[in-house]
Amino acid sequence: AMMVRVLAAFDSFKDCLAADKVGEACLQALQLLYRDQITTKLISLSDGGEGFLESLRKPLNLESRHVTVTGPLGTPVVAEYGVFKSISLTSSPSSSSSSLPSSSSTQLIAVIEMASASGLELVPVEKRNPLHTTSKGTGEMILHAVRVSGCSRVLLGVGGTATSDGGLGAIHALGAKVTLKDTGVASSTDILYGKHLSQLVDIQFDDMLLPRDSFDIEIACDVSSPFVGSKGAVYTFAGQKGASEADKVVLEDGMHKLAHIMTSKLGKDVSHLAGSGAAGGLPGPFVGLYSAILRKGIEFVCDAHKVDDAIKNCDLVLTGEGCYDMTTKAGKVVSQIQNLGRKYDVPVVVICGAKKFIPGDEDARSVYDVMSVTGGDLRESLTRTEHYLGKLIQERAREF
């Protein structure tokens, strides 16, 4: 008989069991049932809830770099980012006379967490106000990664920020010449905050410290808000960063000014681009200036763990999370694995703590939950999760 190759790729069961423990419990139970008939592989995934840098640290074997940058309030903070080497094979042009082997080139890639320089956690609650916070430190981190560490590619995670400055602080740190209504051209040592957006008159992008083609940038972004408008950066997120209704009006006015300047100077209108409203609008100018690519955080995590290859090379995938519900479909680990399963035509079984009914869910048949084994006893399900995962597998595995 053929060996069945089983891949376990789980998210953690929040507050209950780590991802690797969930996967191990399931695979052990399967191995007891099908001793010599299966081979197993385990990958622990996370939707980036613990932060972008953390979720990539192990799989990419990141090397730490520390740099002092401008914090969200304009005072210095020590921020951390990671770097790793990536080897890309470039084949030599094949001519009949050439028998040269293909050469490999190494590229250094930076993994940067915006929150490390510009995070909400760095601002005491009573001082939170996006009129008075800046993304300058994020620009300084990117500058350091490219200029000092020599990275040619930046992967930037943008969750948990204190800022709503449209990325103005960051692009100013990268050399944009900003002209303000009352004070004229800002010097490079100045710090631009959210309040300066509404005073914008002009921005020159001609003498950037990082020229347009000096690096590639991909932004991990899990929201689809546009740059401006009722569902944009300001009206969706500025409130939770400390903005009053009056503050929002000022910020929104400034975001329109910034979008207008970028459209005329860079020829790219990001006003309604989905995702450009993440992190107070920071992705906007990076799309305009550096052609940044926006992708879901989980895609970076799956890439780092080479999940595509793992799924291509297996016969059955087990995945799961604490609760399977409507939020599952919004791009967390499980829905990503389900999508990849469909892409490569490999069956995916979801094993979760509890499941809720999702209308029109075509995957519902292959969802199993621990609560069904404990007869709905939440305390038992939470305290003896591994035991019941094993029991669930024993009882239902033949259906997989």
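For this chain, numbers begin at 1 and follow the sequence in order. Note that the coordinates shown come from a computational prediction; the quantities given were computed from them, not determined experimentally.
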With ILVMFWY side chains joined below 4.5 Å, transitively, what does Tyr193's cluster contain besides itself?
Ile191
Quick test of your reading: applying ring pair (Phe, Tyr, Trp, His ring centres under 6.0 Å), list the pairs with at least one residue in residues 159-182, sequence neighbours left out, ordered by first then second residue.
none
Does anything in residues 350-360 form a side chain to side chain donor-acceptor pair (under 3.5 Å)? List the pairs, not counting sequence neighbours.
none
Cut-off 3.5 Å, side chains only: do Ser64 and Glu80 have a donor facing an acceptor?
yes
How about Val6 and Lys41: do any of their side-chain heavy atoms sit closer than 4.5 Å?
no
Can you see whether Glu321 engages Ser12 through a side-chain donor-acceptor pair at a distance of less than 3.5 angstrom?
no
Heavy-atom closest contact (Leu73 atom, Lys127 atom, distance)
CD1-CD, 3.9 Å
According to the ring pair (Phe, Tyr, Trp, His ring centres under 6.0 Å) rule, which pairs have a member within residues 112-154, sequence neighbours left out?
Tyr81-His144
Does a donor on one side chain and an acceptor on the other come within less than 3.5 Å for Asp363 and Ser366?
no
State, without any angle test, whether Ser118 and Thr138 hold a side-chain donor-acceptor pair at a distance under 3.5 Å.
yes
Would you name the heavy atoms of Gly288 and Arg212 that are closest together and state the gap between them?
O-NH2, 3.1 Å
Can you confirm whether the side chains of Lys181 and Ser198 place a donor and an acceptor under 3.5 Å from each other?
no
Using a strict cut-off of less than 4.0 Å between a Lys/Arg side-chain nitrogen and an Asp/Glu carboxylate oxygen, indicate whether Asp222 and Lys296 qualify as a salt bridge.
no
Ring pair (Phe, Tyr, Trp, His ring centres under 6.0 Å) contacts touching residues 361-400 (sequence neighbours left out):
Tyr368-Phe400
If you compare all heavy atoms of Ala115 against all heavy atoms of Gly159, which two are closest, and at what distance to 0.1 Å?
CB-O, 3.5 Å
Does NE2 belonging to His66 count more than 12 external heavy atoms closer than 6.0 Å?
yes
Where Ile351 and Cys26 come nearest, the two heavy atoms and their spacing:
CD1-SG, 4.1 Å
Do Lys195 and Asp165 meet the salt-bridge criterion of a basic N to acidic O distance under 4.0 Å?
no
Closest non-hydrogen contact found for Met208 with Leu174 is CE-O, 3.4 Å
Non-hydrogen atoms of Cys352 and Val367 that approach each other most closely:
SG-CG1, 4.0 Å
For residues 63-76, pull every pair meeting salt bridge (charged side-chain N to carboxylate O under 4.0 Å, His left out), keeping only residues two or more places apart or in separate chains.
Glu63-Arg65
Indicate whether any N or O donor in one side chain lies under 3.5 Å from an N or O acceptor in the other, for Asp308 and Tyr344.
yes
Classify the side-chain pair Gln338/Thr319 by whether it contains a donor and acceptor separated by less than 3.5 Å.
no
Are side-chain N/O atoms of Thr163 and Thr133 paired as donor and acceptor at under 3.5 Å?
no
